[in-house]
Amino acid sequence: MYMQARAADGQIIEVQSPDEALEVYRHSTSHLMALAVTELYPDTRLGIGPAISDGFFYDFQRGTSFAEEDLAKIEQKMRDLVAQDLPYQPAIVSVEQAIKEFGGRDEQLKVELIKEKCDERLSCYRVGSLVDFCTGPHVLSTGHIDPKTFKVVSLAGSYWKGDEKRDRLQRIYGTAFLTEADLHDYVHRLEEAKKRDHRRLGKDLDLFSIHEKAGAGFIYWHPKGAWLRHTIESFLREDLLRRGYQFVVTPHVAKMDLWRTSGHADYYRQNMYLLNIEGEEFALKPMNCPEHVTIFKTHRHSYRELPIRMAEFGTVYRFEKSGVLHGTLRVRGFTQDDAHIFCTPDQVYDEVLGVLDLAEHVLRTFGFEKYEVELSVWDPNQKGKYVGEAADWNLATATLIRALEAKGLPYQRMEGEAAFYGPKIDLKLIDAIGRKWQATTVQFDFNLPERFDAGYIGPDAKNHPVVMIHRAIFGSLERFIGILVEHYAGAFPIWLAPVQAAVLPISEKFHAYANHVKQALQSAGLRVHLDDRNEKVNLKIREGQLQKFPYMLVVGGREETERTVAVRNRFLGDEGAMPLEKFIEKVNDLVATKAVRP
RNA sequence: GCCAGCGUAGCUCAGUGGUAGAGCAACUGAUUCGUAAUCAGUAGGUCGUGAGUUCAACUCUCACCGCUGGCUCCA
């Protein structure tokens, strides 16, 4: 057993799993925080206060705002309350009693919640002066919470029930762990994540910049970042060609006519950059699909030509609310590795399987071995929300499931999470420190073929609506590169690294030979940097390590005489001298095999 | 967009109403060096932008822009 807890019926129970114990502990700590807050600020009303993956939060309603300096006071108050060892006392009461109790305390949000969730009876917990509507269980008393295991972390705004039309609440985040060591590890993980932050590394490694003057959410790729992009694009382009894709290129701007046909003018307008030139309306494209359908429609297609797999590195522009922008992970202009597969219903299964296969291969190449799969399906009770026939939806959903099962991919079914135009599969990458990132998506689109009247001629010589599958593997290059930076903490595999080797002459006397080495590597197709500053080799190495160059080649008198290079590996340190040709061979081999580590 | 915090030199950050500071980077010079920072000197800022209060604003007030953490949304 991991912990004793008090269940809602007053019984002492023994919590049987560490996960459950942690949840009880955090939930109890969130009540402790709510007690501290309501004692310090009696004009505060309660929202909800659950345990979450990194700790807990509690939402409060209060006329005045909490300030950052209040957090320390709250934390101190919590410690005082721990010292008082107040019991968590459950009670089972009727709905009428509860509404009277919470109504009397002017806790209107709790009253609303109780009316919504409960029929007859419900449980409440009292701790000190705080009474909360709660199913429990909780720790026995505040004395069972170790003051060294929790922290009040941050302040945020939130909405009641997550609805921006409802009351604005103030959320206070905290974290708690069962042991002091766990809390310490958590703080350490946060620091580690901070070191990997792609915004920090993007600046330090000179990959990209964003400019206030030019607009938030637009990325300027510097030479090193651009190399990454080109390398990633070339890799995918070659792979797609092998898999029977064709590439197209479409404009960044189109007349509103096109967006009216596609429906974007009605349903996506608030996200679009609109232009009015000489009285005519245009928009920057927020999606590539309408233009791809436009190309598809330039010919009549026989079923014999299908499937057509039409790919583009398509740059799209979407107005996003200022508060959501985040480095390269959430921007206003980005390039999707987009493709649309036009096919017949009986080709759908093979095509979906092909996309999953592609995703697996691509993601593995970039060092992502693990990912989570979500299948988003419609809500059959709300058929009015969706376009397309039930038969299409059922076929598409069944096909997605069949393909997932064939690949042996476990998945989570997300009821009612499908887009209005079709069901989809999303893959979430899990990076080196366990965080999840949305990347690959495979979506059916029942909307555009109908709106554009896109079809093919079947064996029966009749027109049939074409099946359209939208898919992206990286999602967007901006986001994917941001994820890659954080995944590798900037130390890219050598095939991706913007600088693959740096040549470090130990003094000016060896610049000639260093130049020779640089030329030789460059001629062999490698990306190389010559550090010919008048600095000590120690400094060059330090900076080279911080720049995460995969290899540094120290050259001095010995190397010049013996026509070698002294190889320093970014991870392993000094590897000793080797002939220049041998080094080139070694690196070319690592590049060709796309080795994740040298 | 909403809540809170923040915006000072290229970068990291001091500076609470009275003449703008440090370290690193840059530049100049010296040093010619063997696996994570050589030494010295020089230069660099309308303190995010615009209004207002004041004899006086980096500092106080308001608006706007941007950033950070969340909410909502999303590739």
Side-chain angles (χ1 to χ4, degrees), chain A residues 52 57 59-60 62 65-71 153-173 194 197 199-200 203-204 206 209-217 270-271 286-288 314-316 318-338 419 426 437-441 443 470-480 482-483 504-511 534-547 552-559 566-570 572-577:
Chain A
I52 53 174
F57 67 77
D59 282 345
F60 301 103
R62 182 179 172 224
S65 295
F66 291 112
E68 217 121 281
E69 59 252 34
D70 296 333
L71 299 184
V153 174
S154 62
L155 212 51
S158 66
Y159 300 103
W160 177 238
K161 294 183 175 165
D163 182 345
E164 58 186 329
K165 292 183 193 67
R166 302 292 306 265
D167 293 349
R168 269 186 284 284
L169 306 175
Q170 301 185 63
R171 177 170 296 180
I172 302 180
Y173 281 93
K194 208 171 169 186
D197 192 313
R199 295 164 299 181
R200 176 80 260 151
K203 200 176 262 186
D204 290 347
D206 201 15
S209 56
I210 302 171
H211 302 272
E212 186 176 331
K213 190 187 207 103
Q270 69 283 6
N271 283 299
M287 295 184 194
N288 303 303
T315 302
V316 298
R318 300 180 187 173
F319 176 78
E320 300 282 355
K321 293 176 183 176
S322 59
V324 307
L325 301 176
H326 184 85
T328 68
L329 297 179
R330 189 73 188 274
V331 294
R332 287 175 171 159
F334 56 97
T335 301
Q336 297 179 307
D337 64 310
D338 210 355
D426 290 317
W437 303 96
Q438 159 82 54
T440 304
T441 184
Q443 315 186 342
H470 162 97
R471 51 98 294 194
I473 306 301
F474 300 131
S476 85
L477 287 164
E478 282 74 8
R479 178 174 286 181
F480 190 73
I483 296 168
L504 316 183
I506 63 169
S507 87
E508 284 174 1
K509 285 192 239 164
F510 309 107
H511 280 188
N534 178 12
E535 295 289 353
K536 293 191 157 190
V537 72
N538 278 320
L539 181 90
K540 296 180 183 181
I541 285 170
R542 177 183 157 74
E543 294 186 353
Q545 285 289 143
L546 293 174
Q547 285 295 306
M552 283 180 265
L553 306 175
V554 177
V555 296
R558 292 198 292 275
E559 289 74 24
V567 177
R568 184 188 166 96
N569 177 308
R570 138 181 83 181
L572 308 170
D574 193 353
E575 290 188 322

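Just so it is clear: chains get the letters A, B, ... in the order the sequence lines come, proteins before strands, and each one is counted from 1. No hydrogens, no waters, no symmetry mates; every other heavy atom, side chains included, goes into these values.
OP1 or OP2 of B/G69 lies within a sub-4.0 Å distance of a side-chain N or O belonging to A/H326.
Between the CD atom of A/Q547 and the P atom of B/C24 there is a distance of 19 Å, rounded to whole Å. Counting to the nearest Å, the P atom of B/U32 and the NE2 atom of A/H511 are 14 Å from each other. The nearest whole Å value for the distance from the CG atom in A/D163 to the C1' atom in B/C2 is 12 Å. Taking atom CZ of A/R330 as the reference point, atom C1' of B/G69 lies 15 Å away to the nearest angstrom. As a whole-Å value, the separation of A/E559 CD from B/U35 P is 11 Å. The interatomic distance linking A/E164 (CD) with B/C73 (P) rounds to 8 Å, in whole Å.
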Any N/O pairs under 3.5 Å between the protein and nucleotides 38-45 of chain B? List them or say none.
none

Can you give me the N/O atom pairs linking the protein to nucleotides 47-49 of chain B at distances under 3.5 Å, or say none if there are none?
none

Dump every N/O contact between nucleotides 3-6 of chain B and the protein below 3.5 Å, one line per pair.
unit_1, atom_1, unit_2, atom_2, d
B/C3, O2, A/G157, N, 2.9
B/A4, OP1, A/S65, OG, 2.6

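Side-chain atoms of A/Y159 and base atoms of B/G70 include no donor and acceptor less than 3.5 Å apart. Judged by atom type and distance alone, A/R200 does not reach the base of B/C11 through any side-chain donor-acceptor pair under 3.5 Å.
Remark: the separation of the P atoms in B/C27 and B/G44 is 16 Å, to the nearest Å. Going from the C1' atom of B/C74 to that of B/C60 covers 40 Å, rounded to whole Å. Only the C1' atoms considered, B/A36 is 24 Å distant from B/A30, to the nearest whole Å.
Here A/R558 pairs with nothing under the side-chain hydrogen bond (donor to acceptor under 3.5 Å, both in side chains) rule; sequence neighbours left out. Residues that satisfy the side chain to side chain contact (heavy atoms under 4.5 Å, CB included) test with A/F66, not counting sequence neighbours, are A/V37, A/Y41, A/T44, A/F60, A/R62, A/D70, A/L155, A/Q170, A/I172. The side chain to side chain contact (heavy atoms under 4.5 Å, CB included) test applied to A/Q547 returns A/L205, A/K224, A/F549, not counting sequence neighbours. Checked against side-chain hydrogen bond (donor to acceptor under 3.5 Å, both in side chains), A/S154 has no partners two or more places apart in sequence or in another chain. For the salt bridge (Lys or Arg N to Asp or Glu O under 4.0 Å) test, no residue two or more places apart in sequence or in another chain qualifies with A/D338. Residues forming a side chain to side chain contact (heavy atoms under 4.5 Å, CB included) with A/R318 (at least two apart in sequence, or on another chain): A/Y268, A/P286, A/M287, A/V316, A/E320, A/F334, A/Q336. Qualifying side chain to side chain contact (heavy atoms under 4.5 Å, CB included) partners for A/I52, counting only residues two or more places apart in sequence or in other chains: A/F57, A/Y173.
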> For RNA chain B, what string of dots and brackets results from 5' to 3' when Watson-Crick and G-U pairs need both distances under 3.5 Å, crossing pairs get [ ], and pairs with another strand get |?
Replying inline: (((((((..((((....[..)))).(((((.......))))).....(((((..]....))))))))))))....

When the side chains of residues 322-329 of chain A are checked against the rest of the protein, which donor-acceptor pairs come out under 3.5 Å, sequence neighbours left out?
unit_1, atom_1, unit_2, atom_2, d
A/T328, OG1, A/E478, O, 3.0

